[in-house]
Amino acid sequence: MRIAVFGADGYLGFPLSLCLLGRGHEVIAVDNGVTARRAACTGAPSVPADPGPLEQRLGGTGATVVEADVRDQERVRQLLQDVDVVVHLAQQRSAPYSMLSPEHALETVSDNLDSTMAVLFACRETGTRLVKLGSMGEYGTPSVPIPEGEWTLELGGRTARLWFPRSPGSFYHASKVCDSVYLRFACQCYGLTCIDVQQGPVVGVNTAELRERNACTRVYYDDVWGTVVHRFCAQASAGHPLTVYGRGGQTRGFLSLADSTWATATACEQIMDLPAGAYMEINQIAWTRSVRQLAEEVAALARERGCPAALSHVPNPREGCELEEHFYEVEAAVLRNWGLVAEQPQQVLGETLDYMLAHSRELRASVLAPRHTFRDGGDTCRDGHG
Ligand SMILES: NC(=O)c1ccc[n+]([C@@H]2O[C@H](COP(=O)([O-])OP(=O)(O)OC[C@H]3O[C@@H](n4cnc5c(N)ncnc54)[C@H](O)[C@@H]3O)[C@@H](O)[C@H]2O)c1
């Protein structure tokens, strides 16, 4: 198949492109480099700091690399001519970034809306099927299990199949809720075919294809761009206390980079079997952990490697926007039915820690501790966002 990967230079997009190529698909890899610019603006380098131009990193694979902004409707229409499936990853994807200031909130919701609309209308015209990356954070943390797709409500003696209620915890997550609303409607109204992947935080640095090419993806470890495990592993590697936000009972569903790549590539293949007009939601997680548990597990692995890692409970920068202790259960049957054999947390955490230890000299000390709060934002990058 011909598959376009929008956001191919990102943490997920690069390994996904390699995986799709490995499965024999033709890949059009599209990016405009904006995440790296935004991260630089907040003083946060990735590890490695500069993995090199995408064209070079995909050299010899046969992929077509295109520099383009996927908010540009006309450009996206051109790019999707004769493309079977597009995977849309190209968005502002940091919840803390969306909370830095009114400008960052607006940038997030407007950029994410613009790109989704451009992709949606191009798919309507070209017949391209869409795999869209949403977030489990759309649902928040309800005190009941989160179903996969629609659920049944009984009220007034009647039943209805409805969407499960959304409760986003940042403007970023709210933008993902809007995406889901627009995509579901477009499937119903225009006959678009879409898999909306509600994905938990992804953990890790490796996939089979990255190992094979001795290549790296962009991994961030600061409070704006780094997800929790990557932050903990970097902190442990640099001898910094592992900063647990508040009580640390915040529980989420995680999955490894290799599992995320496998699942998204599989979604690209499975979508071809769906009837036109289908809107399918899947929950992409493999295991759940609280933040406190993760910190304890990373600290134990660090101690095994001779690093004296300690935990520090810090005032929660997301206070008021998330619960610190709560019930959390997610239905994720589709991935199991597709045959995912998930990598185990111990293995993924150990591999990520080893990666950060190997790069410990590159880690920037000034971004290891939390710098911003959701309520007050921060003045990082106020004048240069985007
Ligand atoms: N990484 C995770 O843990 C995770 C979890 C849930 C959902 N997701 C979603 O998956 C997607 C990819 O996440 P990621 O972690 O790889 O993020 P990322 O920021 O590393 O990758 C996104 C890529 O898209 C590019 N991009 C952004 N806007 C663009 C535009 N207008 N035009 C062209 N390119 C553009 C960026 O330069 C970047 O390379 C995002 O939509 C994110 O919300 C990620």
Side-chain angles (χ1 to χ4, degrees), residues 4-17 28-42 44 46-47 51 53-54 57 65-73 75-76 79 86-98 107-108 110-119 130-139 168 170-180 183 196-205 207 216-220 224-231 252-257 259-261 263-264 267 282-286 348 352 386:
V5 178
F6 285 1
D9 199 14
Y11 169 61
L12 300 181
F14 178 58
L16 173 66
S17 301
I28 299 138
V30 181
D31 208 293
N32 70 350
V34 69
T35 294
R37 288 196 295 280
R38 283 179 174 137
C41 205
T42 56
S46 60
V47 184
L54 185 59
R57 297 157 75 209
V65 177
V66 180
E67 190 181 333
D69 187 330
V70 307
R71 294 171 304 174
D72 179 339
Q73 296 216 7
R75 192 83 171 93
V76 173
L79 286 167
V86 55
V87 188
H88 179 26
L89 306 161
Q91 294 197 305
Q92 194 304 91
R93 60 89 175 148
S94 159
Y97 184 88
S98 76
E107 180 188 344
T108 302
S110 65
D111 275 21
N112 291 357
L113 169 69
D114 286 352
S115 67
T116 295
M117 283 302 190
V119 172
L130 169 61
V131 174
K132 164 74 175 51
L133 263 285
S135 166
M136 279 306 299
E138 288 187 25
Y139 296 109
S170 71
F171 286 110
Y172 155 75
H173 290 109
S175 78
K176 293 289 194 185
V177 173
C178 293
D179 286 345
S180 294
L183 292 175
D196 197 357
V197 179
Q198 312 305 4
Q199 181 174 251
V202 180
V203 181
V205 293
T207 64
C216 298
T217 189
R218 297 175 190 273
V219 184
Y220 291 92
V224 176
W225 300 97
T227 44
V228 59
V229 170
H230 300 165
R231 290 202 305 271
R252 302 287 183 268
F254 297 83
L255 79 168
S256 77
L257 181 61
D259 291 342
S260 161
T261 300
T264 310
I282 65 174
N283 293 341
Q284 200 163 286
I285 69 151
V348 187
T352 308

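Each ligand, and each atom within it, is numbered from 1 in the order the structure gives. Please read all numbers here as calculations on a predicted model, not as lab measurements.
Under the side chain to side chain contact (heavy atoms under 4.5 Å, CB included) criterion, Ser256 pairs with Ala258, Asp259, Glu343, Val348, sequence neighbours left out. Every residue meeting the side chain to side chain contact (heavy atoms under 4.5 Å, CB included) condition with Ala8, not counting sequence neighbours, appears here in chain and number order: Val5, Ser17, Ala29, Leu54. By the salt bridge (charged side-chain N to carboxylate O under 4.0 Å, His left out) test, Lys132 is found to be paired with Asp179, residues two or more places apart in sequence or in another chain being considered.
The aromatic rings of Trp225 and Tyr220 sit tilted relative to each other, their planes meeting at an angle between 30° and 60°.
Protein residues with a heavy atom closer than 4.0 Å to ligand 1 are Gly7, Asp9, Gly10, Tyr11, Leu12, Asp31, Asn32, Gly33, Val34, Thr35, Ala68, Asp69, Val70, Arg71, Leu89, Ala90, Gln91, Arg93, Leu133, Gly134, Tyr172, Lys176, Gln199, Gly200, Pro201, Val202, listed by chain and number.
Side-chain atoms of Asn112 come within 3.5 Å of backbone atoms of Gln92 as a donor-acceptor pair (strictly under, hydrogens ignored).
Environment of OH in Tyr139: crowded, with over 12 heavy atoms of neighbouring residues, nucleotides or ligands closer than 6.0 Å.
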